[in-house]
4 protein chains.
Amino acid sequence: MPRTEQQFAAIREKSKAKFLRTALELFANYGYHSTSISQIAKSAGVAKGSLYHYFESKEQLLEAVFMQGLNELDGLFEEIDMEAAPEDKLTQLLDLSISSLQKEKHFWQLYFALITQMKLPEVLRKRLQPVMNEMFTFFNILFQELGAEEPESEAKLLAATFDGICLHYLMMGEEYPLEKVKEKLLGMYIGKR
Amino acid sequence: MPRTEQQFAAIREKSKAKFLRTALELFANYGYHSTSISQIAKSAGVAKGSLYHYFESKEQLLEAVFMQGLNELDGLFEEIDMEAAPEDKLTQLLDLSISSLQKEKHFWQLYFALITQMKLPEVLRKRLQPVMNEMFTFFNILFQELGAEEPESEAKLLAATFDGICLHYLMMGEEYPLEKVKEKLLGMYIGKR
Amino acid sequence: MPRTEQQFAAIREKSKAKFLRTALELFANYGYHSTSISQIAKSAGVAKGSLYHYFESKEQLLEAVFMQGLNELDGLFEEIDMEAAPEDKLTQLLDLSISSLQKEKHFWQLYFALITQMKLPEVLRKRLQPVMNEMFTFFNILFQELGAEEPESEAKLLAATFDGICLHYLMMGEEYPLEKVKEKLLGMYIGKR
Amino acid sequence: MPRTEQQFAAIREKSKAKFLRTALELFANYGYHSTSISQIAKSAGVAKGSLYHYFESKEQLLEAVFMQGLNELDGLFEEIDMEAAPEDKLTQLLDLSISSLQKEKHFWQLYFALITQMKLPEVLRKRLQPVMNEMFTFFNILFQELGAEEPESEAKLLAATFDGICLHYLMMGEEYPLEKVKEKLLGMYIGKR
DNA sequence: TATGAATGAGCCTTCATTCAT
DNA sequence: CATGAATGAAGGCTCATTCAT
């Protein structure tokens, strides 16, 4: 008796998830090019060929890994109370970002490795665009609410600061004083209330 | 014939420089792994084998390329008048950095690609450390002079902002409003003088 | 319950036949090596694994496909009236051959691909031998009846011509003037009656 | 001191020729798909990778092998005295063909394997076309000179016979009575003059 | 018996590196 | 020192076959 379709779907989902997890970790730690399919398979505890049941190619695996990370990100900012005062929104955003950064370290590592390499497959670039736009819009509105003269430039600066902090945190590891830096950043925009 | 030897040395130096320049450009544009020795040799207009007269291996070539960039960086900050007022020093640093960023785009591209990949050969890591320390110390002193309560954290934040701006500039290209962002950044620290 | 068993056998036979048909078509169109088990299974509308219930291996499937074609061929020449005049027998043979060629295009395509590759598994070679011998004997007798001086050589020549025509027809497709060539061939041997 | 360009060209030519020879033999004997690059390299006594200095891919190697065979063929028919009587021209053509068939057995084996498989890369198909046209035209003229009623059909029939004989010779090996069949064929067209 | 996920040997191909000239 | 042909390890990928359900 063959398994039901649902059983098969479950198996597939599980295997696929395992591959995605393993690949994310290895890509993040060693880089895309320095990670071989063999390594991924071995780490995942399966045979090399199995990977190709789920992903057409190594590159497509990378895409899937990255996509998954972006998808999980999507929900993140919906938690922010958009009706709150700008100061609070900024605080919430920072908290959420830092939380994501710490929980999804591998993803963020991969993220910076990818955007830094300018080879981003078109698919990924297209998928990334709206996410970044949303972020930028968020900042823009924030600074408008704060009465900034040039909200756009302010937004750009803040975005850069955000990415810089993430980058430094990922580079230095746990010894990086993420909390302190966060406080200082908040201090700059919200001021010593 | 001492002159002959000098000529040889000169030729050697010239060839080596050409390799370094070519490699930097290709590594920056296509990434280390996606650039083959053949490509570099062809772009440099010499034979593949010749490269190995100057560099032991591809990895060692990368190191040399990166080292050279760092060496050129060393002189950069010596131009700053350390006796000037902190506000002026920050302004000078920003100007110098932006100037370097624009002139040495390839190097900076490679820089971010490398630090992002956490594979930095030990040699490079060691060479990079003092540069970053110097930068950090510079910021630290700056904020002490500015009377900051926690100059260390302030320094970290500013450093992150710096890197973030660089990153975004490199990602977005010339349409990035580097000047405007710079002004905003200066405004935040120097205030509405 | 004997009926159930018969039903099973019927189903089995039907499935097997479907595989054979599909495999013949794909092997003929794309070649043995360029046709994967997956493709066959998908084209046949069943799962890959099922194929192995009916055939031990891909090679054995090929054998079965070819065997089946040869078996169907066996009956073909029995329709010829062996008592007829040699001219008529030749005509009948030609007509039957052309008819088979047109109806079993896939088989003949596979046939030429196989004999051309000199890898013919021993089984097939053994199965093929009597068929070809029968043909040759038929020709031999024919030319004896026609009073040829060297019936053997004549038979060999005619056989070659036969295969050549088939080959060209298969290569050129429907635009090949099969009928005209047939007429010419008949004319050569039967003469302007 | 580097080798001169001519030296390099000589080396390349020699290596390339060795690969072509080896590949032709193996492709002919075992078939394209059943011959691995490893085998070819081993048979040629060189490393696997070396092959790719000369041919972009396995398929391109096949093309080159086939092309070379066709090129050598080109000269063949120029030896025929086109002013001779049709009977003599046919005789000459047959002799030349048989001679080629025996000398270039591997090529002809490959030839039939390829045309039989209907996958002929476009390049090859295009290269083959004029050769076949030339042959057909030759036959056509021949039969016109012989006063045939339908020279086209006659040409088609003769061409088929030619290919059939070749095919049978290649299939049966040296025991095939090539000479006798040739005589018979000549007899049919030239007749008892 | 049917299914399709899993396997792994083997394939084609790339490329850093070596070396004879 | 320069050259580019040669090497061969390693990588990505395919696919016939197996097997648990």
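Values below: all heavy atoms of this structure, side chains included; hydrogens, waters and symmetry mates excluded. Each chain gets a letter, A, B and so on, in the order the sequences are listed, and its residues count up from 1. These numbers come from a predicted model, not from an experiment.
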To the nearest angstrom, how far is [X] atom [atom1] from [N] atom [atom2]?
X	N	atom1	atom2	value
A:Tyr54	F:dT14	OH	P	16 Å
B:Phe27	E:dA16	CZ	C1'	12 Å
C:Leu51	F:dC19	CG	P	17 Å
D:Ile40	E:dT13	CD1	P	10 Å
D:Gln60	E:dC12	CD	P	15 Å
A:Lys42	E:dT7	NZ	C1'	16 Å
D:Glu56	E:dT14	CD	P	9 Å
C:Lys16	E:dA2	NZ	C1'	17 Å

Sugar-phosphate only, base, or nothing, as touched by [X] at under 4.0 Å among non-hydrogen atoms:
X	answer
A:Phe55	nothing
D:Ser36	sugar-phosphate
B:Ser34	nothing

Among [options], which is the nearest nucleotide to the side chain of [X]?
X	options	result
A:Lys58	E:dT13, F:dT17, F:dC13	F:dC13
B:Val46	F:dA20, F:dT3, E:dT13	F:dT3
A:Ile11	F:dT17, E:dA6, E:dT1	E:dA6
B:Ala47	E:dA16, F:dA2, F:dG4	F:dG4
A:Ser50	E:dA6, F:dA6, F:dG4	E:dA6

Determine the minimum heavy-atom distance between B:Arg127 and B:Leu70, stating which atoms define it. CG-CD1, 3.5 Å
Please find the pair of heavy atoms, one from A:His106 and one from A:Ala28, that lie closest to each other, and give the distance. O-CB, 3.4 Å
Classify the ring geometry between C:Phe112 and C:Trp108 as parallel (under 30°), tilted (30 to 60°) or perpendicular (over 60°). tilted
Which label fits D:Phe19 and D:Phe55: parallel for a plane angle under 30°, tilted from 30 to 60°, or perpendicular past 60°? perpendicular
Whom does E:dT21 pair with, Watson-Crick or G-U wobble, provided both distances fall under 3.5 Å? F:dA2
Return the nucleotide paired to E:dG10: Watson-Crick means purine N1 to pyrimidine N3 with N6-O4 or O6-N4, wobble means G-U with N1-O2 and O6-N3, both under 3.5 Å. F:dC13
Which comes earlier along DNA chain E counting from the 5' end, the contact point of A:Gly49 or that of D:Gly49, where each point is its nearest nucleotide? A:Gly49
Closest nucleotide of DNA chain E for D:Ser38 versus for B:Lys48: which of these residues is on the 5' side? D:Ser38
Select from C:Glu59 and B:Arg12 the residue whose nearest nucleotide in DNA chain F is closer to the 5' end of that strand. B:Arg12
Both D:Gly45 and C:Tyr32 contact DNA chain F. Taking the nearest nucleotide for each, which residue is further toward the 5' end? D:Gly45
Run through A:Ile37, A:Val46, A:Thr22 and flag the one making a side chain to side chain contact (heavy atoms under 4.5 Å, CB included) with A:Leu51. A:Ile37
Would A:Lys58 count as a cation-pi partner of A:Phe27, with NZ or CZ less than 6.0 Å from the six-membered ring centre and within 45° of the ring normal? no
Side-chain N or O of A:Tyr52 less than 4.0 angstrom from OP1 or OP2 on F:dC15? no
Can you check whether D:Ser15 has a side-chain N or O nearer than 4.0 Å to OP1 or OP2 of F:dA5? no
base_contact_polar (E:dA5 base, A:His53 side chain, donor-acceptor, <3.5 Å): no
